[in-house]
Amino acid sequence: MTQMEFIPSEYTTNIESGEFTWQSPSNIALIKYWGKLENQIPANPSISFTLDHCKSTTTLKFKKKENPGNFDFDFFFEGKEKEDFKPKIRKFFERIEAYCPYLKDYYFEIHSENSFPHSSGIASSASGMSALALCLMQLEKELNPKIDKEQFNRKASFLARLGSGSASRSIAGELVVWGKHEYIESSSDLYAIEYPHQVHKNFKNYQDTILLVDKGEKQVSSTIGHDLMHGHPFAEKRFEQANENLKKLIPVLKSGDLSAFIKIVEREALSLHAMMMSSQPYFILMKPNTLEIINKIWEFREATKIPACFTLDAGANVHLLYPDKHKDEVLEFIKNELVVYCQNAHYICDQVGDGAKKLS
Ligand code: DP6
């Protein structure tokens, strides 16, 4: 499949106005996307758990214009008009215009809200961009009712990717792969797919408790971080490592070997941050409490043999991943030993979810 195939042919239907609402989850990568080529093509494949509770709900209201000209839209976040979000959406529209030629025919009012606190340090670009991509696809389906579910989801992921790479992995559940990998036949750099191989029951309802260490704005955005992989002395080795780790994860997901799972996942998280710490300019997104929590998790695992592990995204917060059956003991551990390291004692309990949903 090439990107040309996402350029639609003539539309069969006309629609004047309406509105659609989609709810789309966040996701947490096990194998990390860090580094990209032109047009949001990832430098290596990544795989993530789709989350369940952390999500964005987006309503797209649209009305046909008399004179199509420029992109015409307003954006409201949690009920308030947000001018500062508009450049990001305009850039998204510019990137997807060739694939959604109807964009300039409509005036759009976009309303979005998140289930997680805005200032939690949890990236909302994955859930927000995927929800918006799904609303646009819903409009496209009105214009061309022949699109089937598979084409719909694939193009939604393709469009979401152009908004934010990780957003491509927020359409489907529960394990999602984005980026071409030699051992995952249908994988693609253009869009994400549901992980097609066997997954052991140990990973069913896998828990992710997000320990909010720092709710502030990050000093370095992911987009800048990705860019710093150009000319990074370890870039090629890192891309090889991610490919290798994904290859190793395939039999682990099948056998349910949690000790092997932990080794891959934690190493990925630390490798991601090692890239940040060795780029030019270098930067550190972890905070002292990130390291306190990591050490506590290691002590807890050693003492109890409960297979809980951590991963990190591009920030200071820690995602504590563990099997459903150990939920009670791990939550007890969090309350007794980890809450002190969380800003305002704040953490969010989430688990693996099954992907985006249409609400109206
Ligand atoms: C560390 O998807 O936020 O979370 O494509 O520039 O929007 P852009 O970047 P983004 O990067 C996510 C990086 C990560 C790893 C991951 O989710 O795979």
Side-chain angles (χ1 to χ4, degrees), residues 24-51 54 56 85 87-89 91-92 94-96 114 120-133 157-171 175-181 187 189-192 195 208 210 217-230 232 235 238-239 241-243 245-246 249 264-277 279 283-286 290 310-319 321 350:
S24 198
S26 184
N27 67 72
I28 180 68
L30 304 172
I31 306 290
K32 309 289 181 179
Y33 147 59
W34 198 245
K36 57 176 150 178
L37 317 175
E38 283 279 284
N39 300 324
Q40 295 283 104
I41 296 299
N44 63 260
S46 55
I47 184 168
S48 51
F49 276 139
T50 302
L51 296 182
C54 290
S56 298
F85 279 45
K88 192 154 188 188
I89 295 174
K91 191 162 169 198
F92 174 52
E94 283 163 6
R95 283 185 186 162
I96 65 171
N114 293 339
S120 58
I122 298 180
S124 57
S125 68
S127 53
M129 280 299 173
S130 56
L132 180 55
S157 174
F158 172 86
L159 296 178
R161 177 197 110 237
L162 291 167
S164 177
S166 54
S168 67
R169 299 189 312 244
S170 274
I171 308 292
L175 266 166
V176 177
V177 179
W178 167 45
K180 185 84 203 123
H181 189 271
S187 58
D189 285 344
L190 298 179
Y191 50 83
Y195 178 68
D208 178 8
I210 309 163
E217 187 103 341
K218 299 185 280 208
Q219 301 106 309
V220 182
S221 74
S222 291
T223 305
I224 293 173
H226 286 291
D227 210 35
L228 292 173
M229 288 304 278
H230 292 289
H232 191 296
R238 163 62 200 150
F239 304 147
Q241 182 199 35
N243 272 284
N245 282 343
L246 183 48
L249 196 59
I264 297 171
V265 169
E266 292 192 342
R267 190 165 183 221
E268 269 293 311
L270 295 179
S271 297
L272 166 72
H273 283 258
M275 290 303 109
M276 302 173 188
M277 292 193 266
S279 62
F283 57 104
I284 303 180
L285 294 184
M286 290 188 283
T290 311
F310 72 87
T311 189
L312 307 165
D313 56 17
N317 298 332
V318 180
H319 289 249
L321 302 175
D350 210 336

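Here the structure is a predicted model, which means the values were calculated and not measured. Numbering of ligands and ligand atoms starts at 1, following listing order. Quick note: residue numbers are just sequence positions, from 1.
- Atom CZ of residue Arg238 and atom CH2 of residue Trp34 lie 10.5 Å apart, to the nearest 0.5 angstrom.
- Taking each heavy atom of Ser26 and Ser170 in turn, the nearest pair found is C-OG, 3.8 Å.
- Checked by atom type, the side-chain pair Lys32/Thr311 shows a donor-acceptor distance below 3.5 Å.
- Contact residues of ligand 1 (protein heavy atom closer than 4.0 angstrom to a ligand atom; sorted by chain and number): Ala29, Lys32, Tyr33, Trp34, Lys36, Gln40, Ser125, Ser164, Gly165, Ser166, Arg169, Ser222, Thr223, His226, Leu272, Asp313, Ala314.
- Listed for the Arg161 side chain is no donor-acceptor partner under 3.5 Å among the backbone atoms of Ala192.
- Across all their heavy atoms, Pro45 and Gly179 have their closest contact at CB-O, 3.5 Å.
- With sequence neighbours left out, Ile89 forms a side-chain contact (heavy atoms from CB on, under 4.5 Å) with Phe73, Phe75, Phe93, Ile110, Leu132.
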